[in-house]
Amino acid sequence: MLQLASGKVLTPGGHTAPSDDSLASSALRELHEETGIPPQSVTPWPGYETVPLDIDIHDINAHPGKGEPGCQHFDLRFLFRLHTTTEAPVMLQEEEIGGIERRPGDRVTSRPCARSCSNSGRQPNRNWPTPPP
């Protein structure tokens, strides 16, 4: 997705909400909010129902004008797959998202996401899972 605030192509994501009962449900809520894909159209990837596929930890610069100190940011990436036989409707959150493109794992250009989608073997949780039969 093209995120308007940063101008970067990123996967759907955001912060947890008090109504989320788990990190995986937070990821599913954000997927729906940002893309409009109904939660019932996707299912967690087998073996990743409650644990993230990838955890990326990176530094966030301070924003003195906003009174925000620098910090470390944790991105927990969950993997879902469409389980419908028809195309899931996509309705972008237009105030935040400028466009969407479906990409196979070998065309992912975001370095953290590409590591998750590759078979680099750098860390066990960064290997793209084999699709179930």
Quiz prompt | Worked verdict on Asp20 versus Thr16 for side-chain hydrogen bond (donor to acceptor under 3.5 Å, both in side chains) | solution = CA-CA 7 Å; Asp20 297 331; Thr16 58; 5.3 Å; no
Hey, are the side chains of [X] and [Y] touching, using non-hydrogen atoms and a 4.5 Å cut-off?
X     : Y      : value
Phe78 : Leu23  : yes
Glu30 : Ser25  : no
Phe80 : Thr43  : no
Leu4  : Ile97  : no
Ile37 : Leu82  : yes
Arg77 : Pro52  : no
Thr35 : Ile100 : yes

Quiz item: Do the ring planes of His73 and His58 sit parallel (below 30°), tilted (30 to 60°) or perpendicular (above 60°)?
Solution: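 Tilted, since the angle between the ring planes falls between 30° and 60°.
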Practice problem: Check Glu49 against Ala24 and note the closest heavy-atom contact, atom names and distance. | Solution: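 Closest approach of Glu49 to Ala24, heavy atoms only: O-CB, 3.6 Å.
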Find the distance between [atom1] ([X]) and [atom2] ([Y]) and round it off to the nearest 0.5 Å.
X     : Y     : atom1 : atom2 : value
Leu79 : Tyr48 : CG    : OH    : 8.0 Å
Ser26 : Leu31 : OG    : CG    : 11.0 Å
Glu34 : Arg29 : CD    : CZ    : 9.0 Å

Quiz item: Would the number of heavy atoms belonging to other residues, nucleotides or ligands and lying under 6.0 Å from CD of Glu94 be above 12?
Solution: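 No, because the 6.0 Å sphere around CD of Glu94 holds 12 heavy atoms or fewer from other groups.
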Practice problem: Kindly work out whether a path of hydrophobic side-chain contacts (I/L/V/M/F/W/Y, heavy atoms less than 4.5 Å apart) joins Ile60 to Ile57. | Solution: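 No; Ile57 is not reachable from Ile60 via cluster members.
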